[in-house]
Amino acid sequence: MDEYKKNDLVTLTIEDIGSEGEGIGKADGFPFFVKDAVPGDTLIARVLKSKKTYAYAKTEKVITPSPFRVEPPCAFHRQCGGCQLQAIRYEKQLEFKQRKIMQNLVRIGGFSPEFVQERMEEIIGMDTPLHYRNKAQYPVGTDRNGNLITGFYAGRTHDIIANTNCLLGPPENQKILEEILAFMRENGISAYDERTGEGLVRHILIRKGFTSGEIMVCLVINYQVKDHRAEAFFQGQEDLINRLSRIPGMASISVNINTERTNVILGRKVYTLWGQPAISDVIHVRDMQREGFPLTGDELTFKISPLSFYQVNPVQTEKLYSLALEYAGLTGKETVWDLYCGIGTISLFLARRAKQVYGIEIIPQAIEDARENARRNNITNAEFFVGKAEEVLPEFYARNKNLSFDIPAGGAQGRTMQQKVFPDNEEFLRPDVIVVDPPRKGCDAACLSTMLKMQPERIVYVSCDSATLARDLKILCEGGYEIRKIRGVDQFGMTVHVETVCLLSKLNVEHHIEVELNLDEMDLTAAEKKASYEEIKTYVQEHSGLKVSNLYIAQVKRKCGIIERENYNKAKAEGVKVPKCPEEKEKAIIDALMYFQMI
Ligand code: SAH
């Protein structure tokens, strides 16, 4: 086959969507990843870059549009690149996300498609996949003519596309942005210039509590503060406050100081100019078993400050958390760890249903918020620790193991804190449930291996990247856990991202029976020594034509008194049925046992 070159034109029918939202089509079996293409399109694509086994291309002309193609609601959709799936009908977006999770579990996790399919529940979509984000950070800059603009970075660049009306945020954002731009123009306030490091306003952060209706505006400014009590941060500060505070819902106006030459948007210091330093939001629990996911009446209030992490899609977050809670299966007696707990949102819901919850989070400010949120909601059975999950969890595990075995009373210097925090070591070493909600890179190996050592009954894995989820599930399953349920939740309509919740449980007796039986054969009684399981199976097969399992042989042996120990025909977990040897097979096995003079 001839190699393709840049600018070649090819006619393709788009068959699939790639992980970044690009269309995938083939010409003579050679795959193309095509920008701005929708599955079902027949189109002419222009080659952008060709590799040995695939090429990148962009849509030049759509010949026959796909039935799944829709007019993108945002005029900037192509340039912006934030909403990779906006030209695709929403139901098809959900199908893509469901399949993405499935394919990652198969390709990366190594699970069979049937196994995944059996355990996968239907993805939870959004009712309205626009205006769902409660947080946006708009860069401020100038266009070619030096006019002040704000909007979004064009895909993979730092060029700002002027757009004050991003359709993912609430409609109020437009008014706020336009007020700020008008104010800046009238007062001669400059925008920050990344190339020179000069200029004042870098970003505008807007957050809204969807349930409270409270809005927060925070201007990120390049300004060295000398004495924040004495000075105004910029010319006409009172004028800006007047303009913004009139907008319905406005509750907090602040500045964030960032003088670093970095891509990191927010600096560490925030000064409130007007209103409260934080806004609040309420999250309700929903009944995920019932149609329409009705409210259960359980709810918590959270404080959100400019720097706190908070899920960006509050409507779907309720479903995500409710699903995680459902999978956690709590009754009030459990000890639960919530790793990567952020401001304690999941932890506090867990605490309402558990005996004790421990949260770990890397950002100290988030842990302060988590403790404050616990107080706000009168929750006293949740403790939070600052640090990396992969360091804090193994460390506490090791220390507590020592405390219960090696360290003599009074000899645990400096460890009295731990004793106070974890009065019952055994309980701490074996939590009933561990919930994890890591960032995209997934869990660290040290974190996973400690989780396996702790052997909780259940693990609930909340993931924002199904590729690293699949990688981690493989490790957990190799370590003695089994996937029970998996469900996608669309937190980010129009984009390629999807959240996944997975329930794992400790492998039960039914599944490791083969292993136990093999161990059993290493420790045989006199009668058992006479014939191995394999010999019995062969005898039964030859004499009766029946196939029997190790389980059935063990059951009959026990019935005949050959195996003395309490064993395998009882399930440890409730509700797990162990198959019982049918009469016909039992008779055939007894014949074999008699033949080998075992009975
Ligand atoms: N469960 C929370 C937060 C999830 S986001 C919620 O739903 O709001 C992931 C969190 O993990 C972030 O708060 C991030 O700061 C934290 N984090 C990132 N790396 C971490 C690590 N190695 N150990 C602990 N927390 C980490």
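Whatever order the structure lists them in is the order used to number ligands and atoms, beginning at 1. Here, residue 1 is the first one in the sequence, and each next residue gets the next number. As the structure is a computational prediction, the values presented were derived from the model and not from experiment.
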Quick one: CD on E121 to CD on Q98, what's the gap to the nearest 0.5 Å? 10.0 Å

So for D437 against ligand 1, with non-hydrogen atoms under 4.0 Å, the contacting part is both

Is the cationic atom of R371 (NZ for Lys, CZ for Arg) positioned less than 6.0 Å from the six-membered ring centroid of F384 and within 45 degrees of its normal? no

Pair Y132 and F492, ring centroids less than 6.0 Å apart: no

Could you tell me whether I360 and ligand 1 have an N or O pair separated by under 3.5 Å? no

So if I count the atoms of ligand 1 from 1 in the order they appear, which ones are less than 4.0 Å from some heavy atom of T345? 6 (C), 7 (O), 8 (O)

Which is it for C341 and ligand 1 at heavy atoms under 4.0 Å: side chain, backbone, both or neither? backbone

For atom 10 (C) of ligand 1, find the nearest protein heavy atom and state the residue, atom name and distance (0.1 Å precision). E361 OE1, 3.5 Å

Shortest protein heavy-atom distance from atom 18 (C) of ligand 1, along with the residue and atom involved: P439 CG, 3.5 Å

Side-chain contact test, heavy atoms from C-beta onward, threshold under 4.5 Å: evaluate it for D432 versus V336 and give yes or no. no

State if C464 counts as touching ligand 1 under the rule of any non-hydrogen atom under 4.0 Å. no

Per-atom filter on ligand 1: closer than 4.0 angstrom to a heavy atom of Y321 are 6 (C), 7 (O), 8 (O)

Residue, atom and distance of the protein heavy atom nearest atom 22 (N) of ligand 1 read E390 OE1, 3.1 Å

Nearest heavy atoms of A351 and I379, plus distance in Å: CB-CG2, 3.7 Å

Shortest heavy-atom approach to atom 11 (O) of ligand 1 - which of Y340, F309, F302: Y340

Within the supplied structure, the quantity of interest is the number of heavy atoms (other residues, nucleotides, ligands) at a distance under 6.0 Å from R290 CZ; does it exceed 12? no

Regarding Q103 and K100, is there a side-chain donor-to-acceptor distance under 3.5 Å anywhere? no

Side chain, backbone, both or neither: Y310 near ligand 1, heavy atoms under 4.0 Å: neither

Please determine, by modelled atom types, if D472 and Y461 share a side-chain donor-acceptor pair under 3.5 angstrom. yes

Here's one to test your reading of the geometry: is the NZ or CZ of K208 within 45 degrees of the ring axis of F210 and under 6.0 Å from its centre? yes

Which heavy atom of the protein is the closest neighbour of atom 23 (N) of ligand 1, given with residue, atom name and distance? A389 N, 2.8 Å

Relative to the heavy atoms of G387, which atoms of ligand 1 are at a distance of less than 4.0 Å? 23 (N), 24 (C)

Which residue and atom name correspond to the protein heavy atom nearest atom 17 (N) of ligand 1, and how close is it? I362 CG2, 3.5 Å

Donor-acceptor pair between Y223 and N258 side chains, under 3.5 angstrom: no

Could you list the atoms of ligand 1 found under 4.0 angstrom from a heavy atom of I363? 15 (O)

